[in-house]
Each structure stands twice: as C-alpha cells, then as structure tokens.
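Here is the naming used below: chain letters follow the sequence lines, and residue numbers restart at 1 for every chain.
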Amino acid sequence: MDAHHEDLSFIRKYIFSTDHKIIGIQFLFASLAFLVLGGVLAIMLRWQLGFPGQELPGLGVVAPKFYNSLVTMHGTFMVFFAVMPLLVGVYANYLIPLKIGAPDMAFPRLNMLSFWMFIQSGIVMTASLFVEGGAAGAGWTAYAPLSAVPQYTGASLGQQLWIISIVLFGASSLLGSVNYITTVINMRAPGMTLFRMPLSIWALFITAIIALLAIPIIAAAVIMLFFDITLGTTFFLPADGGQPLLWQHLFWFFGHPEVYILILPAMGIISDIIANGSRKPVFGYHSMVLAIIAIAFLGWITWGHHMFQSGMNPLLGTSFMISTMAIAIPSAIKVFNWLGTMWRGNIRFHTPMLWAIGFVSLFTVGGLSGIFMASNTVDIFIHDTYFIVAHIHYVLFGGSLMAIFAAIYFWFPKMFGRMMNDTWGKIHFALTFIFYNLTFFPMHILGMAGHMRRIYDPTQYEFLQPYQPMNKFITISAILLFVAQLPFIANFFWSLFRGRKAELNPWQDNGLEWTVPSPPPHGNFAVTPTVYRGPYEFSSPGAEADFLPQDARPVDSGR
Amino acid sequence: MDWLPGAASSYAADMDRIFYVILAITGLIFVGVQVALVYFMIKYRGRAGRRAFYIEGSTKAEVVWTVIPAVIIIGIAVASQTVWSEVKDPDRFPTDALEMNVEARQFAWAFTYPGADGELGTEDDHISYNQMYVPVNRPVLFNLTSVDVVHSFFVPAFRIKQDAVPGLNLRAWFGVRRAMRSGARSDEGEDHRPSGRRVQWLGCGAGLKSRSEEIGSDLEGKDVYSCSGGRIVGGRAPRRFELHP
Amino acid sequence: MNEAITLPGGVQAEPGMRIYNQKLGMWIFLASEVMFFTGLIGAYIILRFGTTAWALPGVPLEEGGTPLAINLTAFNTFMLICSSVTMVKAFAAIEHGDQKNLRRYLLATVLLGAAFVGIQVVEYLALAREGFLPHCSEELAAVVPNCHLFGSTFYTMTGFHGTHVSIGVLCMIWVTVKAFRGHYTKENHGGVEVVGLYWHFVDLVWIMLFTIVYLI
Ligand code: HEA
Ligand code: HEA
Ligand code: CUA
Ligand SMILES: [Cu+2]
C-alpha cells in the first residue's frame with residue numbers, strides 16, 4: 001500500500017488525507033486557531049468586566065446582549081473547538097497508531113470524514129457570531145427555556161446554528177471514537193498487550209469510550225431543543241407541560257462526563273512526560289490505569305452536582321455529593337503517583353516536563369476547589385459565583401491546556417522533524433504560569449465575596465463595588481496572559497521552518513513512535529515492531545542507558 | 001476570619017464553618033503537594049552520573065494515599081449533610097415562619113406578603129417589586145417560581161441561593177438573625193411595612209455589605225434598601241440588572 | 001474470520017476481540033446509538049410520568065386518546081420482526097455459500113423494511129389529519145390532555161427510528177445489489193453481517209418503542 005503513496009496529489013496528501021498523522025496535524029492547526037478565537041473572546045469579555053461601559057478599543061462599548069454571546073461562545077469554543085480536539089482530535093489521531101505499532105487507524109476514510117465534519121461544525125459555529133440577532137447567548141450550557149424561546153435572549157438564528165454545529169461536532173467526535181476504540185482493540189503490534197500500553201493511550205482509549213456514550217446524549221438533547229425552537233414541540237417549555245429541569249439533567253448527564261473527556265487524556269499525556277522527565281517508571285502503573293477507569297466510571301453518576309440549587313429533590317443532592325466526592329480518591333491516586341514518579345528521580349527539566357509539573361501543581365488547585373462545590377452545603381453559597389469560574393479555569397487551563405502545551409512541545413519533533421526552541425519554551429512557561437495565576441487565583445476571592453458569574457456589569461451591585469479594583473487587576477493580568485502566548489506562536493512557526501533538525505529520539509523515550517523517522521512515513525513502520533516490555537522502563541537495572549525502548553530485543557530471555 | 005461576606009442568617013454560621021473546615025483541609029493538602037513538588041524538583045534534579053532509583057511502585061504507599069483521602073472526604077460529606085438537611089429538608093422547615101411568594105421574571109422580582117390576616121392569596125396581600133423586606137428573628141418561608149426562564153435567587157448575607165424555575169413552585173427558607181448584626185438597628189416601631197404587623201424588617205440589600213458592622217449604621221434613619229442581592233438575571237446567562245416593576 | 005487482524009508484513013496483531021474491524025466498529029457504533037435512543041426514551045418517560053394524563057393509543061379521541069390503531073402497528077411490528085428473521089436467513093445462506101437464498105432473503109428484508117416505513121407514513125397522516133402535530137392544534141389541545149407533549153415525544157422518537165429504518169433500507173438495497181452481482185462469497189460476506197447487525201438493532205429499538213408508546 002505504500003508503494004504508490006508518492007503519486008498522491010497534494011490535495012489527497014495534505015488536504016483530503018486519510019493518513020492519521022496528517023489528520024492529527026490538521027486538527028492541530030484548526031484547533032489552535034479556535035484556541036486563539038476563544039482567547040480573543042475571553043479578552044473582550046474581561047474588558048467589559050474590568051472596565052464596564054468603557055469603549056473596547058476599536059469595537060465600541062460591549063452591549064449586554066453581546067456580553068452574553070461573548071460568554072457563551074467563549075465557553076463553547078474553548079470546550080468543544082479548542083481543548084477537546086486538541087487532546088482527542090490531535091493526539092488520539094497522532095499517537096494511537098504510532099504508539100501501538102499500527103500502520104494507521106482501523107477506518108482511515110471515516111477518520112478523514114471526522115476531521116471534515118469538525119471543520120464544518122467549526123465554520124457553522126464561527127458563522128453564528130455574525131448572524132442577525134447575534135450568536136447564542138444562553139451560556140455554553142444552553143439552559144432551557146432561555147435557549148428555547150428566542151425572545152428571551154434575542155438570539156434566534158444564532159442559537160439554532162449553535163445547535164446545528166454541536167450536532168455536526170457530535171457526529172465528528174462519534175466517528176473518531178469508533179475509530180480509536182477499534183484501533184486500540186484490534187490493531188496493536190504483537191507483544192503490545194493492554195497492560196503494556198502507555199498511559200496516554202489508555203487515557204485516550206477510555207476517553208473515546210466516554211465520548212462514544214456521552215455525545216449521543218447531548219445530540220438527542222440539542223435536537224429536542226432545536227425542535228422546541230423551530231417545530232413548536234414543548235420538551236423544555238413549562239407552559240405546555242414540558243420540563244426545564246429535564247434539559248439540565250440531559251445536559252449534565254453528558255456534561256460531567258464531558259469534563260472528564262477534557263482531563264483524562266491530559267492526565268495520560270502528563271504521565272508519559274513525567275516518567276520521561278524523571279527517568280523513572282510511572283509509580284504504580286496498574287493503579288494509574290485503574291484510576292482512569294474509576295474516574296471514567298464515577299463520572300457517570302455525579303452529574304447532579306451541577307444542580308444542587310436547581311430545585312432537584314434534596315435527597316438526590318446528598319447522593320450526588322457522595323458520588324462526586326468519591327472521585328477525589330482516584331484523583332488522589334493520580335496526583336500522589338505523579339509525585340511518587342518524581343521521587344528519587346533524575347529529573348530533566350526540558351520544556352515539556354516544566355509544563356507537566358505545572359499541570360500537577362495547578363490541577364491540584366482546581367481539583368481541591370472542586371471539593372468545596374462537591375459539598376452540597378458549601379455549594380449553596382458558591383454555586384454560580386466566580387469560585388466556579390476559578391475552578392473551571394484551574395482544571396481546564398491549569399489542567400488540560402497545560403498538558404496540551406506539554407504535548408505540543410514533546411511531540412513537535414515527531415510531527416515536523418524539528419525541535420521547538422527550548423529557551424523560548426521555558427520563557428513561555430514561566431510567563432504563562434505567572435500571569436495565569438494572577439488572572440485566575442483572585443477569582444476564588446471574588447467568588448467568596450459572592451460575585452456572581454455571567455453578569456454584565458459588576459458595578460451595578462453595591463456589594464461588589466469594593467471588588468472592582470480586583471476585577472481590573474484580573475483583566476490586566478488576562479491581557480498579559482494573552483500576550484505571554486506570543487512567544488509560543490512565534491516559536492511554533494519559526495521552529496516549523498527553522499527549528500533545529502530533530503534526532504531520532506530527542507527525549508530518549510521508550511515509545512514506539514521514536515523508532516521511526518520524524519515525520520514518520522505513510523504506513524508508519526517499515527516492519528511491524530514487536531513489543532517486549534512496558535513503556536516506562538527508565539533507569540532499569542537491566543539496561544546500560546537510562547531508557548529501554550519497548551521494542552528493543554531483550555538481551556537475555558527475561559521479560 | 002471573614003473572607004465570606006457578613007453573615008446574617010440563622011444557618012449562615014453553620015455553613016461558613018464547613019467552608020472554613022474544607023478550606024483548612026484543602027489548604028493543607030495544597031501546601032503539602034506544592035511543597036513536595038518543589039522539594040523533589042530541587043532534590044532530584046538531574047545531574048550527570050546520577051541515576052534514578054528504579055522502582056515501579058509500592059502497594060503500601062498507594063493504600064495509604066487512597067485510604068487517607070477516603071476518610072477525609074467521608075468526614076466532609078457527613079459534616080455537609082447535617083447542614084444540608086437543616087437547610088433543605090422540607091420536614092425540617094420552620095413552622096412559625098412568615099410565608100411569602102417570590103416570583104421572578106425578566107427583569108423583576110415580585111415579593112408577595114400576606115396582609116393582616118396572615119394568609120397568602122387573599123385580598124389584602126401586599127406586593128413589593130424588587131425590594132424584599134424580611135423580619136428579624138422570625139424565619140421566612142418562601143414559594144419561589146418564575147414566569148419565563150430560570151433565575152437565581154441569591155442573598156449573599158443570608159447564604160441562601162435557590163433557582164427559580166418556571167413551572168415549579170420551590171420552597172425554601174431562611175431566618176434573619178438579629179444577633180448576627182452587631183450593633184444593628186432596624187426601623188422598629190413603625191407599622192407601615194408590608195405585613196402591617198409589629199416586626200422588625202431588614203432590607204436585605206443592607207445585609208449585603210461585606211462587613212456586618214456596617215449593616216446597622218447603614219440602615220439607621222434611611223429607607224429600606226432594595227434587595228439587589230436577589231439576583232435579577234435572565235436564566236443562566238443574565239442580562240443587565242434592570243428595575244422594571 | 002475469527003482471528004486477529006493482520007498488520008503489514010503479514011504479522012498478526014496482538015489479539016484483541018478477535019472480531020474483524022468492520023464488525024467491531026459496528027458494535028461500537030451501536031453502543032452509541034443505544035445512548036442516543038436512551039436520551040430520547042428517557043425524556044419521554046420523564047415527561048410522560050411527570051404528568052397525570054396522557055393521550056393513549058387505542059383510546060377514542062373523544063376520551064382524550066389518539067387515532068393510533070394498536071392493531072395496525074402490531075402488524076407493522078410483526079413485519080419488522082419478520083424482516084429480522086429473513087435477515088438471519090440471508091446471512092445463514094451465504095455462510096453456506098448459497099447465493100440464491102441470500103438474494104431471495106435480502107430482497108424480502110428490503111421489502112418488509114420498506115413496507116414498515118410505508119405504514120408508518122400512513123399512521124403519521126392519520127394523526128396529522130386529526131390535528132396531532134408536534135405542536136398540536138388548538139381545538140385538540142382543548143380535548144386531549146398534554147397533546148403537545150404527546151406530539152413532541154411521539155414524532156421525535158418514532159421519527160428518529162423511522163429515519164434509522166430508512167437508512168437501513170438504503171444500505172440493505174446496496175447490499176442486495178451487490179449480492180445480485182455475486183459480490184459475496186462463503187468466505188467473504190462481512191458486508192451482509194455488518195448491515196445485519198444494524199438491522200437487528202433497529203428492530204430491537206422498535207420493539208422497545210412499541211412497548212412503551214403503544215402498550216404501556
Ligand atoms: C477538566 C475539567 C474538570 C475537571 C477535571 C473537574 C473536576 C471536578 N469537578 Fe468540576 N467543573 C468543570 C470542569 C471540571 N471539573 C466545569 C467546566 C464546571 C462548570 C460548568 C458550568 O457550570 O459552566 C465544573 C463545575 C463543577 C461543579 C458544579 C459547581 C456549581 O455549578 O455549583 C462541581 C460540584 O461538585 C464540580 C466538582 C468537581 C470535582 C469534585 C472534581 C474532581 O474530579 C476533582 C478531583 C481532584 C482532586 C480532589 C485533587 C487531587 C487530589 C488530591 C490532592 C488528594 C487529596 C484530596 C482530598 C482528600 C480532598 N465541578
Ligand atoms: C479550556 C477552556 C477555557 C480556557 C482556556 C479559558 C480561558 C480564559 N477564560 Fe474562560 N471559560 C471557560 C473555559 C475556558 N476559558 C468556560 C467553559 C466558561 C463558562 C462559560 C459560560 O458561563 O457559559 C468560561 C468563562 C469565563 C469567564 C466568566 C464569564 C462570566 O461568567 O461572565 C471569564 C471571566 O473572566 C473567563 C475568562 C477567561 C480568560 C481571561 C481566559 C484566558 O486564559 C485566555 C487567554 C488566551 C489563550 C489561552 C489563547 C492563546 C492562544 C494560543 C496559546 C494558541 C496560539 C497558537 C498558535 C496559533 C500556534 N472565562
Ligand atoms: Cu393574604 Cu391576607
Ligand atoms: Cu461536573
């Protein structure tokens with residue numbers, strides 16, 4: 001099959017490609033663009049919060065309705081079009097076949113279709129920013145009836161396009177999941193048993209299962225919502241017998257598993273990188289796998305913690321508190337096992353490792369703030385305040401996005417055959433870490449003061465006026481946080497063309513992907529590799545070097 | 001320690017206590033994890049000629065850091081549950097409460113009080129728009145609903161938050177504690193407040209001040225504050241706070 | 001067919017589920033379809049049992065029922081079940097290399113499936129004539145309790161199911177055409193099996209829907 005890949009036209013090779021590596025890279029460029037868009041929307045909404053009523057340079061004063069659209073689209077783009085595709089679209093595609101020793105995905109053409117449906121859904125979502133009536137303004141959670149009756153938000157077409165885009169996105173994600181799961185089950189190279197798979201692959205595999213089962217729920221829900229808007233059905237409209245809370249149950253039954261879709265792959269990637277950076281096997285590999293599975297499982301029975309104040313039966317509030325808190329246990333295993341991995345290591349502070357350490361530090365903060373809200377009692381006060389906003393950003397930026405940066409720096413040489421600049425990578429890390437905390441840590445304090453989320457102008461509330469300087473401070477920090485990304489963008493594009501050529505195994509890692517040229521040829525492996533051991537044999541007493549690739553033939557006939 | 005706004009309701013102190021307990025526990029864990037990270041980064045930084053200690057894990061250690069968090073969260077859950085049922089359990093709602101109706105819409109709140117007969121739904125009901133008056137030292141039980149979207153009823157000083165959902169009539173309560181308001185004074189003596197009976201009223205807006213001492217002085221000699229703490233929002237993505245009676 | 005996938009160079013992959021990719025992929029896809037219908041049916045159950053009165057099939061319109069005739073739908077259900085049987089027969093035939101019966105039974109499956117969709121359309125028309133629409137007519141709303149909800153859930157659930165059947169029929173036509181061209185052999189007939197899986201799933205969903213919408 002690779003004999004004639006040379007003849008493929010440019011279009012077949014780089015645009016309508018069925019090669020999982022090209023598709024992964026396509027996802028990378030597309031979702032980085034959406035990340036920038038989500039960031040720009042964030043800065044615009046921050047401007048209004050820090051300087052309410054002041055003209056946004058070049059764009060005029062942010063109107064209340066526009067503010068609602070900004071919040072909604074910021075959350076939507078970040079969750080669905082930046083973080084989820086950056087983790088799953090990019091790294092499930094790129095890494096799964098390479099790391100398990102397969103030539104490609106099980107269904108390459110479905111894979112291509114998945115990417116192009118993602119692009120379509122992104123175009124629809126972006127277009128909705130410019131339609132009459134404005135983009136959807138009911139929050140990324142699209143609570144009905146607010147979202148179901150156009151008069152309530154003023155956005156009609158915008159909300160409908162939001163739904164269409166989510167359905168397309170769901171279809172894309174579904175095709176991806178079918179592919180990832182089949183590939184992991186069926187296409188592993190000989191010797192690559194399940195418990196020799198890197199944790200990144202485990203996490204992506206479990207994530208694909210969650211997505212497979214969660215996405216159809218949101219698809220069904222938004223379709224019902226669409227019918228409420230357009231066909232006059234009354235699923236969520238109380239006037240004709242429908243139930244607003246039904247929407248919340250459906251949304252969060254999807255929504256909570258969704259947030260674990262956004263963190264599990266990050267955790268997997270981080271495990272790989274911390275082991276590599278510490279030159280030690282991952283501490284407790286098997287329990288790390290079990291923890292992933294436990295988090296994925298528990299994630300299905302906790303959705304009600306978003307609904308403690310919704311009017312749901314208070315007894316349910318109790319059971320959801322318990323199931324939610326239970327997730328702290330597998331999470332504890334993860335955090336402490338990462339620490340255990342670093343313990344007595346020989347740590348190399350390459351850029352990916354710095355981001356990985358940043359992840360452990362900040363995810364812990366976000367996870368611990370989750371414990372406050374998991375307490376149904378404490379949630380009475382902090383629900384719907386900036387305490388929640390702080391939590392969101394600690395887990396999603398401090399967690400997921402940090403892991404994404406780690407992954408980009410780590411696998412850039414594999415993808416493009418060139419190294420990213422390490423010094424600038426470290427500068428990017430330091431600046432991001434500082435301004436990130438300056439932006440989001442104070443939000444805890446705002447939340448404790450009772451500062452509600454999703455409000456247009458905090459100064460309208462007398463009791464929040466003393467906190468306006470803090471809002472200003474956050475806005476300025478957010479702008480600096482955005483500026484701190486410029487070294488990354490420059491480094492990324494500069495390295496793409498000018499970066500130092502990468503050697504075969506620049507991080508001295510054990511994964512199969514480092515045994516093939518960078519970028520790997522179509523079909524990946526000239527000869528299907530045989531796997532002899534797990535992925536984390538660093539500093540093994542049985543080897544001279546401090547790493548031992550998975551496919552290196554054992555000297556003696558041990559394991 | 002008052003990082004939370006001044007507390008002025010009967011269960012506020014219980015809720016705040018749990019908040020601070022969790023803050024203390026998570027604070028310790030936070031410090032522990034960060035210190036360990038930094039310590040390992042320094043102690044085990046890579047040096048030439050050094051080799052990492054090859055170890056694949058330790059079941060004993062893992063059991064320890066599974067069991068300890070489990071015990072902690074069970075403790076937190078049990079403590080939370082006691083206050084949760086104090087606040088939310090319908091069987092434990094106060095029986096001597098003043099009952100009122102609260103109705104939310106885009107963009108106004110309507111507070112309906114019983115008149116002199118003490119019953120809701122009769123001729124002499126009194127409706128107040130966007131200003132909530134509540135008695136001190138007598139619990140308030142309210143029936144909350146919405147005519148359009150989901151709104152959030154939130155008075156920070158009372159630690160009460162409850163969604164107002166169209167189509168549902170949700171009941172919740174709070175009791176304003178006079179004792180919580182150090183040096184507070186209210187407009188006692190005049191019977192012109194909605195119920196027409198001799199009770200003390202506290203504009204809940206006043207309770208929103210971040211320091212409880214300010215409550216009293218702010219109230220003195222002034223009219224009652226509008227209850228801007230009860231958030232007037234459009235569902236989960238609110239609009240501007242506008243007053244339209 | 002029950003063996004591990006072969007990777008380039010003729011190497012056997014590490015044994016997985018020992019099911020070939022297309023079949024495994026279809027199973028996985030169906031898992032997600034189950035969740036999709038769970039969402040719709042769950043919504044139906046919550047809405048229906050959250051109210052006191054519901055427009056029931058088999059109850060006369062004047063008494064707050066619907067013009068749906070249970071007998072006709074029962075017959076329709078029977079046809080769909082038959083189509084699953086013919087599908088099984090078609091697959092069994094090609095496993096023995098029996099081309100003639102493969103074609104015959106596939107054709108029967110297509111016809112039964114299409115007839116099912118046809119009867120469903122007739123049913124929709126009967127409902128619509130009386131004013132049952134996703135948002136039902138005002139006159140009807142005065143007589144039939146919760147008829148908006150009935151219309152919303154009924155059309156959404158059966159509509160999505162009908163769409164699935166229609167897609168199934170189209171796929172089946174495609175497979176039938178290939179069968180007539182002699183594409184399938186005793187050794188190589190994955191296409192028949194995979195489409196068959198989908199078809200049985202659609203059938204199963206209908207039995208669920210029929211039970212909860214018509215019988216309960
Ligand atoms: C990546 C995404 C992500 C992740 C991983 C999490 C993880 C968790 N989340 Fe979060 N959450 C969101 C994304 C995420 N969340 C988003 C986006 C929202 C808002 C949605 C919206 O309304 O818009 C939200 C909202 C949200 C709420 C609703 C709040 C409200 O609206 O009132 C709650 C309530 O319980 C909650 C809890 C938790 C918990 C308990 C965890 C746990 O998984 C955390 C577990 C981790 C740890 C606890 C830290 C590590 C452990 C240790 C160091 C061991 C020791 C610890 C103890 C003994 C306590 N989250
Ligand atoms: C992953 C998710 C994610 C990320 C990264 C962010 C990033 C940011 N968020 Fe966001 N946020 C959410 C998810 C996220 N957010 C969600 C889910 C909500 C809830 C929405 C709702 O209520 O409905 C929310 C809500 C939310 C609010 C609450 C609004 C309100 O309630 O009224 C605020 C307010 O300050 C805010 C601010 C910010 C800021 C300042 C950033 C900054 O960090 C942004 C900085 C910019 C960047 C990080 C992008 C830079 C670009 C690159 C690095 C890529 C470039 C590379 C190349 C081209 C090569 N966010
Ligand atoms: Cu109502 Cu008196
Ligand atoms: Cu959640």
| message | Walk me through whether B:Gln81 and A:Asn376 qualify under side chain to side chain contact (heavy atoms under 4.5 Å, CB included). | response | CA-CA 8 Å; B:Gln81 182 53 31; A:Asn376 47 20; 3.7 Å; yes
| request: Show the numbers, then the answer: is there a side chain to side chain contact (heavy atoms under 4.5 Å, CB included) between B:Glu62 and A:Asn337? | output: CA-CA 8 Å; B:Glu62 287 184 286; A:Asn337 281 9; 2.7 Å; yes
| request: Just do the side chain to side chain contact (heavy atoms under 4.5 Å, CB included) check on A:Leu339 and B:Leu37 with the steps written out, would you? | output: CA-CA 7 Å; A:Leu339 288 173; B:Leu37 264 180; 3.8 Å; yes
| message | Does B:Ile73 form a side chain to side chain contact (heavy atoms under 4.5 Å, CB included) with A:Ile329? I'd like the steps, not just the answer. | response | CA-CA 9 Å; B:Ile73 57 163; A:Ile329 299 170; 3.8 Å; yes
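Not counting sequence neighbours, the partners of B:Phe19 by the ring pair (Phe, Tyr, Trp, His ring centres under 6.0 Å) test are A:Phe372.
From B:Asp148, atom CG reaches atom CG of A:Leu146 across 9.0 Å, with rounding to the nearest 0.5 Å. Rounded to the nearest 0.5 Å, atoms CD1 (A:Ile380) and CZ (B:Phe174) are 13.5 Å apart. Atom CZ of B:Phe40 is separated from atom OG1 of A:Thr341 by 10.0 Å, given to the nearest 0.5 angstrom. B:Asp163 CG to A:Tyr143 OH: the interatomic distance, rounded to the nearest 0.5 Å, is 7.5 Å.
In this structure a side-chain-to-backbone donor-acceptor pair under 3.5 Å is present from B:Arg50 to A:Gly345. Between the side chain of A:Ser539 and the backbone N or O of B:Phe53, no donor-acceptor pair lies under 3.5 Å. A donor-acceptor pair under 3.5 Å links the side-chain atoms of B:Gln162 to the main chain of A:Gln309, judged by distance alone. Within the 3.5 Å criterion, the main-chain N or O of A:Ser540 finds a donor-acceptor partner in the side chain of B:Arg51. Looking only at distances, a side-chain donor or acceptor of B:Trp84 sits under 3.5 Å from a matching main-chain atom of A:Pro314. With hydrogens and angles disregarded, a donor-acceptor distance shorter than 3.5 Å links the side chain of A:Asn346 to the backbone of B:Arg47. With hydrogens and angles disregarded, a donor-acceptor distance shorter than 3.5 Å links the side chain of B:Lys161 to the backbone of A:His383.
Options B:Ser146, B:Gly167, B:Gly46 differ in how many heavy-atom pairs under 4.5 Å they form with chain A, and the most are formed by B:Gly46. Contact count versus chain B (heavy atoms, under 4.5 Å) is highest, among A:Lys280, A:Met353, A:Met307, for A:Lys280. Considering only heavy-atom pairs separated by less than 4.5 Å from chain A, the leading option among B:Ile74, B:Asp16, B:Val33, B:Thr82 is B:Val33. Looking only at heavy-atom pairs under 4.5 Å with chain A, the residue among B:Ala77, B:Pro69, B:Ser85 that has the most is B:Ala77. Residue with the most contacts toward chain A among B:Ala36, B:Ser58, B:Ala61, B:Ala79: B:Ser58 (heavy-atom pairs, distance under 4.5 Å). Chain B forms the most heavy-atom pairs under 4.5 Å with one residue out of A:Phe538, A:Trp343, A:Trp338, A:Tyr285, and that residue is A:Trp343. The candidate with the highest count of non-hydrogen atom pairs below 4.5 Å against chain B, out of A:Met342, A:Gln243, A:His286, is A:Met342. Interface check for chain B: of the options A:Leu464, A:Val335, A:Thr318, A:Ile371, the most heavy-atom pairs under 4.5 Å are formed by A:Thr318.
At a 4.5 Å heavy-atom cutoff, A:Ala63 makes no contact with chain B through either its backbone or its side chain. With a threshold of 4.5 angstrom between heavy atoms, B:Val83 approaches chain A through its backbone and through its side chain. With a 4.5 angstrom heavy-atom cutoff, A:Met325 touches chain B via backbone and side-chain atoms both. Proximity to chain B (any heavy atom under 4.5 Å) is shown, for A:Val149, by neither the backbone nor the side chain. Looking at A:Ala144, only its backbone comes within 4.5 Å of chain B, counting heavy atoms on both sides. Looking at A:Ser331, neither its backbone nor its side chain comes within 4.5 Å of chain B, counting heavy atoms on both sides. At a 4.5 Å heavy-atom cutoff, the contact between A:Thr364 and chain B is made by side-chain atoms alone. Heavy atoms closer than 4.5 Å to chain A are found in both the backbone and the side chain of B:Ile22.
Considering only heavy atoms from C-beta on, B:Val150 comes within 4.5 Å of A:Pro145 through its side chain. Side-chain contact check for B:Glu56 versus A:Tyr536: every heavy-atom pair is 4.5 Å or farther apart. With contacts defined as side-chain heavy-atom distances shorter than 4.5 Å, the pair B:Phe30/A:Val365 qualifies.
The shortest heavy-atom contact between B:Lys88 and A:Phe308 is NZ-O, 4.0 Å. Across every non-hydrogen atom of A:Ser375 and B:Ser80, the tightest pair is OG-OG, 2.8 Å. Among all heavy-atom pairs drawn from A:Leu368 and B:Thr26, the shortest one is CD1-O, 3.5 Å. A:Phe283 approaches B:Ile55 most closely through the heavy-atom pair CE1-CD1, 4.4 Å. Nearest heavy-atom pair, A:Ile357 versus B:Met41, reported as atom, atom and distance to 0.1 Å: CG2-SD, 3.7 Å.
Sequence neighbours left out, the pairs with a member in residues 30-43 of chain B that pass side-chain hydrogen bond (donor to acceptor under 3.5 Å, both in side chains) are A:Ser361-B:Gln34.
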